[in-house]
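Encoded as structure tokens, the structure appears first; notes follow it.
For the single chain, residues carry numbers from 1 onward in sequence order.
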Amino acid sequence: QVQLVESGGGLVQAGGSLRLSCAASERTFSRYTMGWFRQAPGKEREFVAAISWSVGRTHYADSVKGRFTISRDNVKNAVYLQMNSLKPEDTAVYYCAARLSTVVGVTPQIYDYWGQGIQVTVSS
């Protein structure tokens with residue numbers, strides 16, 4: 001069982017930056033593809049970014065491409081989401097997710113483990 005704990009959320013003005021962190025309990029963390037998803041009130045959970053376990057291949061949603069950067073530290077068992085040029089529409093609960101696969105996936109259903117989520121609010 002992999003436990004994921006997000007941190008780093010909060011309130012920021014439009015145009016600002018935040019860095020989310022996700023700490024994983026799993027010793028074999030380096031074998032997991034990691035993803036970030038978000039869910040705004042009344043909307044479905046949507047893909048934000050993912051990074052593969054091996055060569056660190058990344059994939060981003062079009063809505064965040066060029067503004068967000070996902071990275072991982074397999075020594076610290078952590079994955080990060082650097083969010084720059086934030087917009088009010090980025091406001092959501094952000095979730096860290098893990099799947100034991102080399103394939104970077106964009107649908108929530110294929111991820112095996114989830115964090116509890118953390119609120120990010122961008123004011124205009």
Grab the two heavy atoms, one from [X] and one from [Y], that are nearest each other, plus how far apart they are.
{"X": "T102", "Y": "T33", "answer": "C-OG1, 3.8 Å"}
{"X": "R67", "Y": "L86", "answer": "NH1-CA, 3.8 Å"}
{"X": "A98", "Y": "M34", "answer": "CB-SD, 3.5 Å"}
{"X": "C22", "Y": "L4", "answer": "SG-CB, 3.9 Å"}
{"X": "L81", "Y": "A49", "answer": "CD1-CB, 4.2 Å"}
{"X": "V79", "Y": "S71", "answer": "CG2-O, 3.1 Å"}

Is it the case that one hydrophobic cluster holds both [X] and [Y], taking links as side-chain heavy atoms less than 4.5 Å apart, direct or via other members?
{"X": "V106", "Y": "W114", "answer": "yes"}
{"X": "I110", "Y": "Y95", "answer": "yes"}
{"X": "W36", "Y": "V122", "answer": "yes"}
{"X": "V2", "Y": "V5", "answer": "no"}
{"X": "V104", "Y": "V64", "answer": "no"}

Task: SB check K65 D62 (cutoff 4.0 Å) - done: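 A salt bridge links K65 with D62.
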Open item on the list: Heavy-atom count check: over 12 atoms from other residues, nucleotides or ligands less than 6.0 Å from Q116 CD?
Closed with: yes
Quick one: [atom1] on [X] to [atom2] on [Y], what's the gap to the nearest 0.5 Å?
{"X": "Q109", "Y": "R99", "atom1": "CD", "atom2": "CZ", "result": "11.5 Å"}
{"X": "E44", "Y": "Q39", "atom1": "CD", "atom2": "CD", "result": "8.0 Å"}
{"X": "F68", "Y": "L20", "atom1": "CZ", "atom2": "CG", "result": "8.0 Å"}
{"X": "T91", "Y": "Q119", "atom1": "OG1", "atom2": "CD", "result": "7.0 Å"}

- [ ] Take Y94 and R38 through the test side chain to side chain donor-acceptor pair (under 3.5 Å) and record every step on the way to the result.
- [x] CA-CA 4 Å; Y94 283 70; R38 66 187 181 186; 2.9 Å; yes
Could you check whether any side-chain N or O of [X] sits under 3.5 Å from a backbone N or O of [Y], counting only pairs where one atom can act as donor and the other as acceptor?
{"X": "R72", "Y": "S52", "answer": "yes"}
{"X": "Q13", "Y": "S123", "answer": "no"}
{"X": "Y111", "Y": "C96", "answer": "no"}

Open item on the list: Applying ring pair (Phe, Tyr, Trp, His ring centres under 6.0 Å), can you list everything that pairs with Y113, at least two apart in sequence or on another chain?
Closed with: none
- [ ] Flag the pair D90 / M83 as yes when at least one side-chain heavy-atom distance between them is below 4.5 Å, and no otherwise.
- [x]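 A side-chain contact under 4.5 Å is absent here.
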Task: Y60 and its side chain to side chain contact (heavy atoms under 4.5 Å, CB included) partner, picked from I51, T69, V48 - done: T69
